Amino acid sequence: MTEPETADIERLYQTHYRAVLRYLSRRTESSDTAADIAAEVFLVAWRRRSELPWGRALPWLYRVAGYELANRRRSARRATAAYLRVGNDLATQTSAEPAELAEWSAELGDTLTALRELSGPDQEVLRLAAWEELHGKDLAVALGCSTTAAAMRLLRARRRLRAVLQESSVQGSSVVVTRQPEQQGDHS
């Protein structure tokens, strides 16, 4: 990278950082979150400096900030949804007795323990299918393989998880082990 490009990015940062930070501060719950996202915005600007419209840099930075903010919010929603599905799904959808809640909690703990015993790729395919609700072509794209290969990886990972659960005399969580997609195929 040449010096003028470095100087241009430094000037861009010095000129527009406060404006981007204000933009984000008005749209986030904390100044720390706004500062984190602003850092991500300027990282994107650095990476995509060849595409950056230098004459209209601030609006472009605002657009990037909007995308980064949306990504952060989607991630938070997915994390909450995953927790509700996996960590608290049964407890929040029924009026169970305390003993049942304790049993479900233990079952989830056993399933998560068994999941940790699997290889990294097996854990990832199971998490993508169960927690992120990816199936078919979407799962294949996330895994970087064909739809058939993704389906086989998921099938084999589920079998291995069941085997680990059976070895430890634990019944698996239906959310992780037996949950089947309603519809195979592209969810886009």
Side-chain angles (χ1 to χ4, degrees), residues 24 27-28 33 36-37 39-52 60-94 104-188:
L24 292 164
R27 291 164 174 78
T28 59
T33 301
D36 287 347
I37 298 172
E40 292 170 18
V41 168
F42 284 94
L43 180 61
V44 170
W46 174 262
R47 288 181 180 152
R48 297 181 61 196
R49 61 191 174 274
S50 64
E51 303 168 32
L52 201 151
W60 187 87
L61 291 169
Y62 284 156
R63 184 177 67 198
V64 172
Y67 290 153
E68 292 296 324
L69 185 58
N71 288 341
R72 180 74 59 109
R73 288 178 177 156
R74 274 192 299 275
S75 292
R77 280 194 303 270
R78 282 192 305 265
T80 299
Y83 172 76
L84 291 175
R85 263 191 322 277
V86 176
N88 206 17
D89 187 61
L90 297 173
T92 59
Q93 293 184 11
T94 64
W104 292 336
S105 213
E107 182 179 320
L108 175 62
D110 293 339
T111 301
L112 292 175
T113 299
L115 182 66
R116 283 190 288 274
E117 292 183 30
L118 298 178
S119 69
D122 281 352
Q123 289 181 36
E124 182 63 8
V125 70
L126 289 168
R127 287 177 180 144
L128 286 170
W131 294 354
E132 309 308 328
E133 298 180 351
L134 295 181
H135 301 284
K137 290 181 182 178
D138 293 337
L139 182 62
V141 169
L143 294 172
C145 61
S146 70
T147 305
T148 303
M152 289 306 299
R153 284 176 63 181
L154 180 59
L155 175 71
R156 289 176 182 149
R158 283 181 173 153
R159 284 181 183 163
R160 286 189 275 271
L161 180 61
R162 282 188 198 104
V164 170
L165 286 166
Q166 288 172 353
E167 285 174 16
S168 60
S169 312
V170 177
Q171 295 301 316
S173 169
S174 62
V175 173
V176 176
V177 177
T178 61
R179 184 163 189 261
Q180 298 293 324
E182 293 179 13
Q183 173 184 12
Q184 287 288 63
D186 191 1
H187 289 267
S188 48

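This one's a predicted model, so the numbers in the text were calculated from it and none came from an experiment. One-based numbering along the sequence shown. Hydrogens, waters and symmetry mates play no part in the numbers below; they use all other heavy atoms, side chains included.
With contacts defined as side-chain heavy-atom distances shorter than 4.5 Å, the pair Phe42/Leu61 qualifies.
Residues satisfying the side chain to side chain contact (heavy atoms under 4.5 Å, CB included) criterion with Arg48, sequence neighbours excluded, are Val44, Glu51, Trp60. For Arg73, the side chain to side chain donor-acceptor pair (under 3.5 Å) test picks out no residue, with sequence neighbours left out. For Thr147, the side chain to side chain contact (heavy atoms under 4.5 Å, CB included) partners at least two apart in sequence or on another chain are Lys137, Ala140. Applying the salt bridge (Lys or Arg N to Asp or Glu O under 4.0 Å) rule to Arg27 yields no partners; only residues at least two apart in sequence or on another chain are considered. Residues satisfying the side chain to side chain donor-acceptor pair (under 3.5 Å) criterion with Arg77, sequence neighbours excluded, are absent altogether. Under the side chain to side chain donor-acceptor pair (under 3.5 Å) criterion, Ser146 pairs with no residue at all, not counting sequence neighbours. Arg159 pairs by the salt bridge (Lys or Arg N to Asp or Glu O under 4.0 Å) definition with nothing, not counting sequence neighbours. A search for side chain to side chain contact (heavy atoms under 4.5 Å, CB included) contacts involving Asn71 returns Glu68, Arg74, not counting sequence neighbours. In this structure Thr148 satisfies the side chain to side chain donor-acceptor pair (under 3.5 Å) test with no other residue, sequence neighbours excluded. Not counting sequence neighbours, the partners of Tyr62 by the side chain to side chain contact (heavy atoms under 4.5 Å, CB included) test are Ala19, Tyr23, Leu58.
Ala129 and Leu154 get closest at one heavy-atom pair: CB-CD1, 3.6 Å.
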Let me check something: any side-chain donor-acceptor pairs from residues 117-125 under 3.5 Å, sequence neighbours excluded? List them with distances.
from   : atom 1 : to     : atom 2 : distance (Å)
Ser119 : OG     : Asp122 : N      : 3.3
Asp122 : OD1    : Arg160 : NH2    : 3.1
Asp122 : OD2    : Arg160 : NE     : 2.5
Asp122 : OD2    : Arg160 : NH2    : 3.4
Gln123 : OE1    : Arg127 : NH1    : 3.3
Gln123 : OE1    : Arg127 : NH2    : 3.1
Gln123 : NE2    : Leu115 : O      : 3.3
Gln123 : NE2    : Arg116 : O      : 3.3
Gln123 : NE2    : Leu118 : O      : 2.9

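Going from atom CZ of Arg153 over to atom CG of Leu126 covers 10.5 Å, rounded to the nearest 0.5 Å. Here the CG-CD1 distance, from Leu43 to Ile37, works out to 13.5 Å after rounding to the nearest 0.5 Å.
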**Request:** Tell me, with the steps shown, if Arg72 and Asp36 meet side-chain contact (heavy atoms from CB on, under 4.5 Å).
**Result:** CA-CA 10 Å; Arg72 180 74 59 109; Asp36 287 347; 3.8 Å; yes
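Residues Ser75 and Arg78 have side chains that bring a donor and an acceptor to within less than 3.5 angstrom of each other.
The main-chain N or O of Leu155 is never found under 3.5 Å from a side-chain atom of Arg158 such that the two would form a donor-acceptor pair.
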